[in-house]
There are 2 protein chains.
Amino acid sequence: MTVVDAPRARYRQVADELREAIRRGEYRPGDMLPSQPDLARRYGLNQTSINRSIALLRAEGLVRVEHGVGAFVQVVPTVKRTRRVPRPGGGGSSFAEEMRNAGLTPRTQLVSVDTRPAPPAVAERLSIGEDDPVVTRTRHMFASERPVQLATSYIPIAVAGGEDIAHPDVGPTGLYKRLAARGFKVTRFLEEIEARRPDDDEAAFLNLTEAQQVLEVARVAYAGDRAVETVINVFPSQQWRLAYEWPAPGDEQA
Amino acid sequence: MTVVDAPRARYRQVADELREAIRRGEYRPGDMLPSQPDLARRYGLNQTSINRSIALLRAEGLVRVEHGVGAFVQVVPTVKRTRRVPRPGGGGSSFAEEMRNAGLTPRTQLVSVDTRPAPPAVAERLSIGEDDPVVTRTRHMFASERPVQLATSYIPIAVAGGEDIAHPDVGPTGLYKRLAARGFKVTRFLEEIEARRPDDDEAAFLNLTEAQQVLEVARVAYAGDRAVETVINVFPSQQWRLAYEWPAPGDEQA
DNA sequence: TAGTGGTCTAGACCACTGC
DNA sequence: CAGTGGTCTAGACCACTAA
């Protein structure tokens with residue numbers, strides 16, 4: 001239903017055809033695409049143009065390129081993350097649970113626990129001063145040994161008391177119990193979702209191009225009006241679907 | 001903290017410098033960047049390479065290009081869309097309300113109301129047969145006359161009775177009242193969020209490159225176990241931030 | 001018309017990988 | 001080493017917009 005009969009650029013047509021060939025199963029996940037010189041001959045185009053076509057498919061996450069090796073059809077394990085509201089433990093099922101529901105084997109690797117000055121975005125979310133110390137916990141998550149998620153949580157030192165609150169590695173439920181025991185009973189959650197380009201570290205861990213995007217889900221837990229914890233999750237946008245579920249007003253028992 | 005001392009491509013460096021110049025306010029929102037031949041001279045590069053740099057900035061949403069006119073620094077009206085749970089009317093404030101909160105002037109244009117066979121994705125969400133008729137309503141939304149959102153809602157004809165349910169154009173609150181009057185009292189909502197590339201129509205209306213992404217938020221309203229309506233919202237991912245807020249279990253009054 | 005951005009070429013050179 | 005992808009050039013032509 002386009003108004004103008006837009007002539008499609010040839011490098012886009014090539015991308016379309018490759019996309020379609022992948023969809024048809026002509027190239028299967030893990031397969032290597034023909035080399036760029038090959039494709040150039042095949043489509044009567046220059047390698048430069050073919051390179052552009054491949055770049056499109058990379059940005060879509062449909063193809064993964066290894067420099068000096070080749071371009072491979074990407075396995076895209078789409079995972080669904082659901083927040084059911086209300087629900088114990090912050091409203092969400094755990095990462096491990098979600099993974100197993102998707103038929104994948106979860107693994108979480110604790111990268112670091114330390115106390116650091118709060119980055120600006122975190123300070124703002126927690127309503128504390130920049131560089132106020134926060135207990136920081138970083139995890140790398142894998143689904144069947146493929147990196148799929150990156151999570152960092154921050155708790156103001158004034159709330160946490162010390163790093164012990166994060167040791168041994170505890171899930172949200174355990175953490176909120178410990179916070180409650182310290183007098184910070186969590187009453188409310190806020191999640192903000194944003195799409196953005198990955199920074200260098202994220203791109204490296206998640207194996208993304210700069211052209212691809214990530215979803216950042218930032219959750220803040222409040223005890224009354226006081227923000228006591230924030231968790232920042234980063235997902236490759238192509239591999240995830242987020243879901244939120246809640247009862248209609250006046251129908252809270254759902 | 002990159003391990004390898006990656007030599008950055010020159011077209012990326014140019015993009016970095018332009019990005020930085022925009023951040024510094026050297027080019028302000030709405031300003032036109034220098035032409036590609038200009039930039040090529042300035043950076044000692046070919047126009048082809050400069051074009052790549054601009055393409056990067058486009059994909060980031062930092063720059064908007066008008067063919068035959070120039071490249072302009074994008075006004076990024078980051079708009080926040082919040083679902084507060086529970087809350088009357090489906091949990092969300094209206095589009096108009098959100099826009100005014102962001103200091104923008106909202107406008108909604110009703111594009112069409114008709115009865116059509118359900119597209120596959122819609123049929124699945126509504127648990128009806130493909131090609132079962134659904135009352136379909138499409139709206140284009142503008143913020144201060146810039147296109148920012150596209151919404152299509154679907155109601156099975158068996159639920160709606162007829163197209164009248166969508167006339168005159170009604171917001172969600174009015175619609176759910178009418179559905180309740182027809183015996184379909186909405187008790188539960190589900191929203192699924194997905195990042196994907198825009199299709200041609202979406203790209204045309206929202207003025208996006210194929211390299212950019214949109215967020216698709218698909219809401220389904222349930223009356224008991226029966227899906228009675230679904231709305232599919234499409235946003236340019238750069239311009240929006242989604243938020244969900246809910247009380248912790250045992251603290252429902254928030 | 002002149003100026004803008006978009007595409008494409010033919011060829012070159014480089015960086016990376018695996019043999 | 002040969003084969004892969006990534007970048008860049010110099011130049012060309014096209015499409016679109018505004019005057």
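To find a chain, count down the sequence lines: A is the first, B the second, and so on, and within it residues start at 1.
B/Arg64 has its CZ atom 13 Å from the P atom of C/dG5, to the nearest Å. For B/Phe72 and D/dT17, the CZ to P distance is 12 Å, given to the nearest whole Å. Atom NE2 of B/His67 is separated from atom C1' of C/dG6 by 5 Å (rounded to the nearest Å). Rounded to whole angstrom, the span from the CD atom of A/Gln47 across to the C1' atom of C/dA12 amounts to 11 Å. Put simply, CG on B/Asp38 is 13 Å from C1' on C/dG5, counting in whole angstrom units. Rounded to an integer number of Å, the gap from CG of A/Leu45 to P of C/dA10 is 10 Å. What separates OH of A/Tyr43 from C1' of C/dC8 is a distance of 17 Å, to the nearest Å. Distance A/Leu56 CG to D/dG6 P: 13 Å, rounded to the nearest Å.
For B/Val65, the listed nucleotide lying nearest its side chain is C/dG5; candidates were D/dC8, C/dG5, C/dT9. Distance from the side chain of A/Asn46 is smallest to C/dG11 among D/dT9, D/dT7, C/dG11. Of the candidates D/dG6, C/dG11, C/dT7, C/dG11 carries the atom nearest the A/Thr48 side chain, counting heavy atoms from C-beta on. With D/dT7, C/dT7, D/dG11 as the candidates, the nucleotide lying closest to the side chain of A/Tyr11 is C/dT7. Comparing D/dC8, C/dT9, D/dG5 by their closest approach to the side chain of A/Arg10 singles out C/dT9. Listed candidates were C/dG6, D/dG6, C/dC8. Nearest to the side chain of B/Arg58 is C/dG6.
For the residue pair B/Glu163 and B/Thr115, a side-chain donor N or O sits within less than 3.5 Å of a side-chain acceptor on the partner. Side chains of A/Thr108 and A/Arg139: no donor on one and acceptor on the other come within 3.5 Å. Looking only at atom types and distance, the side chain of A/Asn46 has a donor-acceptor partner in the side chain of A/Thr48 under 3.5 Å away.
The shortest distance between the side-chain N/O atoms of B/Gln36 and the OP1/OP2 oxygens of C/dG6 is below 4.0 Å. Look at A/Arg12 and you'll find a side-chain N or O under 4.0 angstrom from OP1 or OP2 of C/dT7. Proximity of A/Ser35 to the phosphate of D/dT4: a side-chain N or O atom is located under 4.0 Å from OP1 or OP2. When the side-chain nitrogen and oxygen atoms of A/Asn51 are compared with OP1 and OP2 of D/dG6, one or more of them lie within a distance under 4.0 Å. Contact annotation: B/Arg52 reaches the phosphate of D/dT7 (side-chain N/O to OP1 or OP2, under 4.0 Å).
A/Leu62 is not listed as a side-chain neighbour of A/Gln74, based on a closest heavy-atom distance of 4.5 Å or more.
In this structure a side-chain-to-backbone donor-acceptor pair under 3.5 Å is present from A/Gln238 to A/Glu60. With A/Gln239 contributing its side chain and A/Pro236 its backbone, the two residues share no donor-acceptor pair below 3.5 Å.
Residue contacts for B/Ile54: at a heavy-atom cut-off of 4.0 Å it reaches no nucleic acid atom on any strand shown.
Each of A/Ser49 and B/Gly70 has a nearest nucleotide on DNA chain C; the 5'-most of these lies closest to B/Gly70.
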